[in-house]
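A quick write-up on the structure given underneath.
Source: prediction; values computed, not measured.
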Amino acid sequence: MSKEEAKEMAKEQERINHMIIEIDHTIRKLQNRTSDIKSDTIELRKTFWQDVTVNLDEPDDVIETFTSIKQQAELLSERERSHGQLHKRLKTLARLKDSPYFGRIDFKEDGEAEEHIYIGIASFMDRNEEQFLIYDWRAPISSLYYDFPPGSASYETPEGTITGEMTLKRQYIIRNGQMISMFDTGITIGDEMLQEVLGANASTQMKSIVATIQREQNQIIRNEKSKLLVVQGVAGSGKTSAALQRVAYLLYRYRETLSSENIMLFSPNPLFNSYVSTVLPELGEENMKQTTFQEYLDSQLGTHYRVEDPFSQLEFILNEEASAYYHTRLASIRFKGSLHFKALIDSFLDSIHLGGLYFKDIFFRGRVIVSKMDMLDQFYQLDAAMSIPNRIQMVKDWIMKVLRAQAKKEQKKSWVEAEIQFLEKEDYLAAYNSYKKKHGSGEDTFNDFEEEQKFLIKQVVNREMKPLIHSVKRLKFIDMKKIYQQLFTEQLEIEQPFPPEWDQIRQISITALEKNILPYEDATPFLYLKERIEGKKVNLSIRHVFIDEAQDYSPFQFAYLKELFPYSKMTLLGDMNQAIFLHSKDMVNIFQVDPDSEKETITLTKSYRSTKQIVEFTKGLVIDGDKIEPFNREGRKPTLSIVSDEQDLQCKILECIQTLRNRGYQTIAVIGKNANETKHAFEGLSGKVDGYLMEKGSIHYEKGLVFIPAYLAKGIEFDAVIMYNASQKNFGREMERQLFYTSCTRAMHELHLFSIGKESMFITRQPQATYDVLPNSEILELGERKH
């Protein structure tokens, strides 16, 4: 380091020291305020009823009492909210104290003096709150850091475009308030900082990397106009991280009108939800709503049907090739995920206006009190020009009238008196309390026996009919199963031809429905048909929807989501190279948006997760892989070890795990092709090595050795990956290419492939120079040889 550089470094450290003093001052001030508010809150809770005027004698007094309680509750709520906000700010300041900022730009706006702008995870002002000492990375001016090299530069503000000249762009690595390194850089975030972030061990939770956002990622984060934003990013390109930082940006940019409750993330599995759960809190924001599409389907259909999950469907595709109806099921999955099948349902719905609905008889105490034929007559007597849901509501109202009339008839029947005789003490007391509440009586008993009997009769009948009424309100009188079955029993027509396997598809569909099973490919069409009959469910509170691993959604599922969130902006994130489901299609073409809507596609081709050597190997596994650019981070080549049998395989994998642990890796994944193979690997090695098994129900994982099926590892990264059996026998079908690629691209630092016998064609097609074949004697070295 030159004298000039050392002098500049010392000057920067002096500023950091000053910044820590300022942050400490603010922390102390906020801690005092927090203590005062906490004391006020405790006191308010203690004296809540002492400070409330309670008088219920006159109507005016009741209003005054209600107002008094409301004012006191609002005061308490405001104090608790203030305490929460201060606590959140203190946590942010603690992080700023450790590393106040990560970047600096010197910018001279046209006609103004030059300004030194320091950029960190949150804004921080001087003691007078007049000047920014640190700018939040989401502030408009901070975009200069991500988008421009020194020279002419501009940034957008709500008031317009600001232009000027950037004279310096500097990056810092600061830990515990100490400058580790600093360097001046050009347009991209410097390799030194990326090397530090990417060279570290993988974590069990995704990291916030706002210091290393690249220009193309910044386009994703700050996009405000597009109704639909499609991000096609190769494995390890940072698309998910950029999307989460986009959420943080939107919450910052529209903080007056947008909250985390207005944003929804559909993630690929519950494990992924846990993996990304710390990113937004690290950036000082609340987590958005998170779910999986399967969880949504279960919430709507799971009470009455066994809804298959996508992983069970995938397990069938991977494992059941010998099944008699394997190819029929594959054709069914493709057809039912298509917009052709949606068109078939729409055509069927048009025909229902004239006939084809099915209802269920309504029973009470073993007798039909409203017949399905009466309901059918009632429905088709209504004006056919009305929508189906409106007619259904009118039928429901008619049924409720019938039930109320029936309730009066039941009150005169002998079974009611018998029920009263056997009322439990608790039931009698409940009835009596209900009577007092209704009549406001101060008496200790009913006024007379006749009144008591009359009231108890009503209570008993109402209790018996309550489940029935609840069921009718929820439209359970519609026979949805029989209606859906008509798609496979009736001769329906669509413009496009049916698949050649249609007759067999009809048969397996009817068989599953009779068992109350909804295969995954049927769940969305069934729910779509159900809602078109009962009334569409539309979510108006969600204003931004994020769909991760969007390439795994079918065209039908996208069409459904578009109708579920009609006024939401959408961000789709995916990689067609990892499209492991049969119905996967191009994300842009299948998600239709209004022609006038703003839409944009951003393609990310640079992979940051894996070393250069791993990327050079994996990019050859997929079509157009030559477009994938590796980040220049050196490492070991992937290795291939061919073993003779299962015993030899497990022995060699144990050696590999030990070597990787000796190298300090904290997250090591043994990836199996499917759940059975993964469980078999875990059971074969348990007792010989510490590790744990990840299954589709798992919601989080910890550091260490994990055994995980390939499809559950999507979106997650590990220090080192061991592919359990990458043999031709195991991965010998073209349809398994994406699954193989997905498995390999989970590795950050090392990738080791083991094969019982002949290796997969996906490996043999790669240039020999991109991986090492290890003889048995060299397993321990794992690629330490000189190349």
Side-chain angles (χ1 to χ4, degrees), residues 85 88-89 92 96 101-126 128-149 151-167 169 187 208 210-211 213-229 231 242-263 280 283-286 288 541-546 567-571 593-594 596-600 602:
Q85 289 170 345
K88 184 176 167 184
R89 179 63 177 156
T92 302
L96 281 180
Y101 38 80
F102 52 78
R104 167 186 163 184
I105 51 174
D106 293 354
F107 183 67
K108 186 179 185 305
E109 183 184 335
D110 293 342
E112 302 289 337
E114 186 175 74
E115 186 180 358
H116 301 326
I117 296 150
Y118 289 83
I119 299 165
I121 61 157
S123 296
F124 183 71
M125 301 187 80
D126 63 14
N128 298 323
E129 297 201 345
E130 292 176 351
Q131 184 180 353
F132 280 100
L133 301 177
I134 304 169
Y135 283 87
D136 191 297
W137 65 277
R138 298 164 289 186
I141 198 168
S142 300
S143 65
L144 293 168
Y145 172 77
Y146 299 111
D147 289 343
F148 290 95
S152 297
S154 62
Y155 65 96
E156 299 296 326
T157 72
E159 289 75 35
T161 304
I162 305 296
T163 59
E165 184 178 3
M166 186 194 300
T167 57
K169 182 174 182 178
I187 186 166
S208 158
V210 292
I213 293 167
Q214 304 297 291
R215 187 177 189 178
E216 65 274 17
Q217 292 167 335
N218 198 43
Q219 279 183 280
I220 298 166
I221 293 166
R222 294 176 189 263
N223 183 297
E224 297 177 34
K225 296 177 182 177
S226 301
K227 170 84 172 172
L228 173 66
L229 178 62
V231 181
L244 293 170
Q245 282 151 182
R246 170 168 167 74
V247 173
Y249 172 77
L250 291 169
L251 290 171
Y252 173 88
R253 173 73 175 82
Y254 299 101
R255 52 193 176 278
E256 302 300 326
T257 57
L258 188 72
S259 77
S260 56
E261 290 291 305
N262 305 129
I263 302 176
L280 287 170
L283 299 172
E285 300 292 352
E286 298 291 328
M288 75 216 111
S541 66
I542 299 297
R543 291 168 52 197
H544 287 269
V545 174
F546 288 75
Y567 304 115
S568 296
K569 290 186 174 181
M570 292 215 172
T571 302
V593 292
D594 300 329
D596 298 331
S597 295
E598 290 282 344
K599 55 186 173 182
E600 186 174 350
I602 296 175

Between the CD1 atom in Ile542 and the CG atom in Asn262, the distance rounded to the nearest 0.5 Å is 6.5 Å

Parallel, tilted or perpendicular: which fits the ring planes of Tyr101 and Tyr118, with parallel below 30° and perpendicular above 60°?
tilted

What's the spacing between Leu250 CG and Phe546 CZ if we round to 0.5 Å?
5.5 Å

Below 4.5 Å, heavy atoms only, C-beta onward: do Ile162 and Ile141 meet side chain to side chain?
no

Going from CD on Glu165 to OG on Ser152, what distance comes out if it is rounded to the nearest 0.5 angstrom?
6.0 Å

Nearest 0.5 angstrom please: Ile105 CD1 to Met166 CE, how far?
5.0 Å

Tell me whether the count of non-hydrogen atoms from other residues, nucleotides or ligands lying under 6.0 Å of OH in Tyr254 goes above 12.
yes

With salt bridge (Lys or Arg N to Asp or Glu O under 4.0 Å) as the rule and sequence neighbours excluded, what pairs involving residues 217-226 come up?
Glu224-Arg253

Using modelled atom types and a 3.5 Å cut-off, is there a donor and acceptor pairing between side-chain atoms of Lys169 and backbone atoms of Tyr145?
yes

What residues, two or more places apart in sequence or in another chain, satisfy side-chain contact (heavy atoms from CB on, under 4.5 Å) together with Glu600?
Gln219, Asn223, Ser226, Leu229, Ile602

Less than 4.0 Å between a side-chain N and a carboxylate O, is that true for Asp106 and Arg104?
yes

Heavy atoms, side chains only, cut-off 4.5 Å: are Arg138 and Arg255 in contact?
no

Can you classify the ring geometry of Tyr146 versus Phe102 as parallel (below 30°), tilted (30 to 60°) or perpendicular (above 60°)?
tilted

Would you find a donor on one side and an acceptor on the other, under 3.5 Å apart, between the side chain of Arg246 and the backbone of Ile220?
yes

Does the side chain of Ser154 reach to within under 4.5 Å of the side chain of Phe148, using non-hydrogen atoms?
yes

Got more than 12 heavy atoms from elsewhere within 6.0 Å of CD, Glu114?
yes

Measure the shortest side-chain to side-chain distance between Trp137 and Gln245 over non-hydrogen atoms and say whether it is less than 4.5 angstrom.
yes

